[in-house]
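Each remark here refers to the structure printed beneath this line.
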There are 2 protein chains.
Amino acid sequence: MTNAEPPSRPVRTLADLARVAGVSAGTVSRALADKSLVNPETRQRIQALAAEHGFRPNQMARRLRTQKTGVIGVVVPLGHERRQHLSDPFFMTMLGHLADALTENGYDVMLSRIIPDAADWLERIVDSGMLDGVLLIGQSDQMEAIERVARRYRPLVAWGSSAPGQVHCAIGTENVAGGQLAGEHLIARGVRRIAFLGELRAPEIRQRYDGVCAAAAAAGVPPPLQLDTHLASDMVEQEIARHMARHLDRIDGIAAGSDVIAMATLRVLADHGMAVPSDVPVVGYDDLPLALQTVPRLTTVKQDIARGAKAMVDALFARIAGEDSPSVVMAPELVVRDSA
Amino acid sequence: MTNAEPPSRPVRTLADLARVAGVSAGTVSRALADKSLVNPETRQRIQALAAEHGFRPNQMARRLRTQKTGVIGVVVPLGHERRQHLSDPFFMTMLGHLADALTENGYDVMLSRIIPDAADWLERIVDSGMLDGVLLIGQSDQMEAIERVARRYRPLVAWGSSAPGQVHCAIGTENVAGGQLAGEHLIARGVRRIAFLGELRAPEIRQRYDGVCAAAAAAGVPPPLQLDTHLASDMVEQEIARHMARHLDRIDGIAAGSDVIAMATLRVLADHGMAVPSDVPVVGYDDLPLALQTVPRLTTVKQDIARGAKAMVDALFARIAGEDSPSVVMAPELVVRDSA
DNA sequence: TGAGTCGTTGCAATCGATTGCAATATGGAA
DNA sequence: TTCCATATTGCAATCGATTGCAACGACTCA
């Protein structure tokens, strides 16, 4: 018997281990996979040997052979709004839930933050052969690219809105209805001159704005004043400060396009010595965890991100299994706290 | 000439494209890699053909062959504190910077949130053959595991503290000095009975606490009252509320173990009708982006996360290139805003 | 015209694990 | 004792791209 201690992890490949065990590579492979074809004794012996030598099969080779990677791509397309950072709280919250659900199911997560400058950014991702499926956090302004790829690549699910006739599977909430909830709540609080903070190139923000407009129209109050507010976190506060300096005397309530915007607004209003909600009610959108942490606590339109993430993952798994999965649109919900 | 249109992406592999182009697979490979060995005309013809057919090489095969993956693993070990979520703002901020730096350099990011229950969790990651390098966000209580792996696996860099004789490369800040800054600042503001919010099992939190203690001892004020506060975001606020209900009358200043804790504290203090900083000054730790957004703005000890992330990536690249890279400890810095 | 060069291209091995099929051994039945 | 069914194991092809080496052609120069 060769009692030479292994000098420097000589057991790197299946073949190495096979040599040590005195069997063929195929047998080792089957033993490690717990296939019933191998003799139980041999199997246990090989597994013990594998553990002893700290052997781990090369995933690259395994994946090439089996044509499954066990990796899901989570991609954040940053179409307009290039300065928006990956650390945006909404993305991160969504990503956290997604990553949890995915890893629980044994998948790895590959993260991509993409600025879609090349027209084929999405095909480059799905055709890389690296991924078993792709999750898109947001559609940005890339509807055509997404539709084009979805026509031939099934395991693809996006967070966002779904239109009739849309090919790709999208999970999202009814943004127009959500905006309407926000508008109605402000109006019920006596607000007449609403300001909407958010820029309209992002489709979901535009829909929220449309909802606020609808609420205003229905109640017979003037249409809201729309003020562009970008999402890059380092800029929001200055931008809002500028808006407030100029328009604060002409408004008496604020609907923010997102909680991040709402939180920055709270900050700016405090600088102006305005009390929230007594001087100016503010309602946010998203109901991120931080909405609970602000002073005052944020009244906001809740998108159930945890449920959305779970729905996305479920839909993706269904598609990976070859089944079909419909788009989902969830109802938003007004969460009344202290800011409005 | 065969003018049959490609029916369903028949060009999937190098060999397919080679057949279409009438050359061998090797030539196609070289042409696509812009090797000088191939005739410029052939090269252009093949590249045009590749674009026309939307051909993308299978990354799995490429990586198996070249033994490089172009993927960096970013892993968050959750040793103690299992309920801490991936969406923790500190992780996310760090992850955002890391991902930006990595993707700028052409690497993909594989994300893992790990609960190290298996003893070999780290070797399982580094030996998977999937990764060109690994970045650890935090050391948790896994120093031994990290040291063990670092002894034989070079491209590994952690965020955290470095002790003399430590094998693995760690980038971090001087937490004791940071805690001291916080303590000194509170004391200079007239605080005598400091409360420290944070639980001591996490080494970096313990060091910050030690720093606060040192400051107190040096100034001759009583040692701080330490109150356990976990990091799971859904629990913090209740926990702090309980602490405050019990101890608020016995303290006159608060050093928080992190900005997240500080922010929740601000919330709770508002509920108690306490003014910050006039009734109770509060200083945070980290200087996350959200420290700018709170009301009042958070006075805090800054860890330059952006710089830290860059340092981690630089160190990792050096190690991938076979060079060596030392641990780095950066000096924290007190950022005085409005909360203390 | 023949030898030597250079520029291109093809051939075939390789990365490491998986798996269909063939081969062997073992036991039981006739 | 012979034959067959069954349980294990080995062999070799395969996944798709990369790359060292050999081969081929054209061209130059003697």
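In what follows, chains carry the letters A, B, and so on, assigned in the order in which the sequence lines appear, proteins first and then strands, with residues in each chain numbered from 1.
One can place CZ of Arg19(B) at 12 Å from P of dG16(D), the figure rounded to the nearest angstrom. Protein atom CG of Leu32(A) is 11 Å distant from nucleotide atom C1' of dA17(C), rounded to whole Å. Distance, Met130(B) CE to dA17(C) C1': 14 Å, rounded to whole Å. In this entry the distance linking CG of Leu37(B) with P of dA22(D) reads 15 Å, nearest Å. One can place CG of Asn39(B) at 13 Å from C1' of dA26(D), the figure rounded to the nearest angstrom. Whole-Å rounding puts the Arg43(B) CZ to dG7(C) C1' distance at 13 Å. Here dG16(C) presents its P atom at 12 Å from CE of Met60(A), a figure rounded to the nearest Å. Atom pair Ile46(B):CD1 and dG10(C):P shows a separation of 8 Å (rounding to whole Å applied).
Of the side-chain N and O atoms in Gln67(A), none sit less than 4.0 angstrom from OP1 or OP2 of dT14(D). Contact annotation: Thr42(A) side-chain N/O to dT9(D) OP1/OP2 distance is under 4.0 Å. At dG16(C), none of the side-chain N or O atoms of Thr13(A) fall inside 4.0 Å of OP1 or OP2 (strictly under the cut-off).
Lys35(B) comes within contact range of the sugar-phosphate backbone alone, with a heavy-atom separation under 4.0 Å but no base atom that close. Nucleic acid contact for Ser24(A): base, since at least one base atom lies under 4.0 Å from a heavy atom of the residue.
Between dG10(D), dT8(C), dT18(C), one nucleotide has an atom nearer to the side chain of Thr27(A) than all others, and that is dG10(D). Looking at the side chain of Arg65(A), the nearest of the listed nucleotides dG16(D), dA13(D), dC11(C) is dA13(D).
Atom CE of Met110(A) and atom CG of Leu102(A) lie 13.0 Å apart (nearest 0.5 Å).
Electrostatic pairing of Asp132(A) and Lys68(A) does not count as a salt bridge here, judged by no charged N lying under 4.0 Å from a carboxylate O. Salt bridge absent: Asp127(B) and Arg12(A) never bring a charged side-chain N and a carboxylate O closer than 4.0 Å.
Looking at Arg63(A) and Met130(B), their side chains come closer than 4.5 Å, going by heavy atoms from C-beta outward. In this structure, Phe317(A) and Asn105(A) have side chains that are in contact, with non-hydrogen atoms separated by less than 4.5 Å.
With hydrogens and angles left out, the side chain of Arg30(B) and the base of dG20(D) share a donor-acceptor pair within 3.5 Å. With hydrogens and angles ignored, no donor-acceptor pair closer than 3.5 Å exists between the side chain of Arg62(A) and the base of dT18(C).
Nearer to the 5' terminus of DNA chain C, by closest-nucleotide assignment, is the contact made by Val23(B) (compared with the other of Leu64(B) and Val23(B)). If Pro40(B) and Ala33(A) are placed on DNA chain C by their nearest nucleotide, the residue sitting closer to the 5' end is Pro40(B).
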